[in-house]
Amino acid sequence: MADERLIVALDFHTFDDVKKLVNELGDTVNFYKVGMELFYSVGAGVVEWLKAQDKKIFLDLKLHDIPNTVAGGLCSLMNLGANILNVHAAGGFTMMKTAADALRNEANLRGVERPKLIAITVLTSINQAEWCGALKISDQVVDFAKQAQAAGLDGVVASPQEAKLIREACGENFLIVTPGIRPAGADINDQQRISTPSAALQNGATHLVIGRPIRAASNPREAAEKILAEINGV
Ligand code: C5P
């Protein structure tokens, strides 16, 4: 059974690229992230295809709108059967709570398993110099995480550098999904608040979202196996 703490980001715009990578990774990877690039170009069929391959899916569409619209959008997305959906915490407590309540009610009504709902805190691409919020980034992240938890969400997306603070503030049983993961040797410098796979997990992350370090490797399966070996036992 593959280690489901690793979620590989399928940031492609063709179905062929998805099939090639997923087939190449085979049993090594069980969890995939479908984001806006792929979803907007290929559509819902890619989620159905991944499910048919027995893969789990984090559908990362980062909803951000008024509460009623986000709740309705999530209930529509629930039809696809993804395991994790998400919203922006910046949409506010009421939006998050309305969304979480709507998903719970709808899943009960339909008798289907409710997807986990998590909130984006502050993107890992933003650093303190660019940030214009009133709070320090790390304080804002923790505040968003507490709001998400109080609103009934299952967890957050956050930088690995803030995972420890979130774990301390929100306790166990709270998902902390961390992008911005750079294994040793990865030469990708466009994200700011980054860390290695094992450090992210040691700091309390439950899942690592990794894209280019695997996709851009000359041998993606080997790259994934190396990451899994690094986190084995952590
Ligand atoms: O290629 P890379 O490993 O940087 O990909 C990271 C993935 O994580 C991207 O698909 C990006 O959308 C996602 N991400 C996120 N939240 C952040 C930062 C990146 O979901 N705060």
Side-chain angles (χ1 to χ4, degrees), residues 5-14 17-18 21-22 25 29 31-42 46-47 50 56-64 77 82-91 116-128 130-131 133 137-138 140-145 148 153-163 165-166 175-201 203-218 220 223-224 226-228 230-231:
R5 293 176 300 171
L6 171 62
I7 303 180
V8 173
L10 294 170
D11 293 331
F12 293 120
H13 56 271
T14 75
D17 285 331
V18 171
L21 183 70
V22 172
L25 294 175
V29 175
F31 217 143
Y32 286 94
K33 182 172 91 75
V34 173
M36 54 183 90
E37 177 179 354
L38 182 59
F39 196 82
Y40 292 163
S41 69
V42 171
V46 70
V47 178
L50 286 164
K56 288 194 171 172
I57 301 126
F58 166 21
L59 187 53
D60 179 30
L61 296 181
K62 298 182 166 73
L63 276 68
H64 191 172
L77 289 176
N83 305 83
I84 304 180
L85 301 175
N86 62 357
V87 297
H88 268 286
K116 303 277 187 211
L117 182 64
I118 62 178
I120 305 282
T121 55
V122 177
L123 300 176
T124 60
S125 55
I126 297 174
N127 64 11
Q128 198 60 54
E130 185 186 357
W131 177 244
I137 290 181
S138 55
Q140 182 63 70
V141 168
V142 170
D143 187 60
F144 275 152
L153 273 69
D154 302 287
V156 287
V157 178
S159 143
Q161 294 188 1
E162 281 103 39
L165 293 172
I166 297 168
L175 298 177
I176 304 178
V177 177
T178 57
I181 301 297
R182 297 291 173 254
D187 190 18
I188 303 159
N189 299 315
D190 64 339
Q191 295 200 28
Q192 310 284 339
R193 299 175 357 267
I194 59 174
S195 113
T196 63
S198 47
L201 292 173
N203 283 331
T206 52
H207 296 84
L208 311 174
V209 174
I210 307 188
R212 286 163 294 176
I214 291 177
R215 288 199 317 274
S218 53
K226 222 167 138 188
I227 291 165
L228 291 168
E230 183 196 320
I231 63 174

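Atoms within a ligand are numbered from 1 in the order they appear, just like the ligands themselves.
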Going by atom type alone, with no hydrogens or angles, which donor-acceptor pairs under 3.5 Å involve a side-chain atom of residues 176-189 and a protein atom two or more places apart or on another chain?
{"residue": "T178", "atom": "OG1", "partner": "H207", "partner atom": "O", "Å": "3.3"}
{"residue": "R182", "atom": "NE", "partner": "I188", "partner atom": "O", "Å": "3.4"}

Q161: side chain to side chain donor-acceptor pair (under 3.5 Å) partners, not counting sequence neighbours: none

With V156, the side-chain contact (heavy atoms from CB on, under 4.5 Å) member among L175, I166, N86: I166

What does the 4.0 Å heavy-atom contact list look like for ligand 1? A9, D11, K33, D60, K62, L123, T124, V157, P179, R182, Q191, V209, I210, G211, R212, P213

Taking only residues two or more places apart in sequence, or in another chain, which ones meet D154 in a side chain to side chain donor-acceptor pair (under 3.5 Å)? R114

Side chain of S125, backbone of Q191: donor and acceptor closer than 3.5 Å? no

For the side-chain contact (heavy atoms from CB on, under 4.5 Å) test, which of I227, T206, L201 pairs with R5? L201

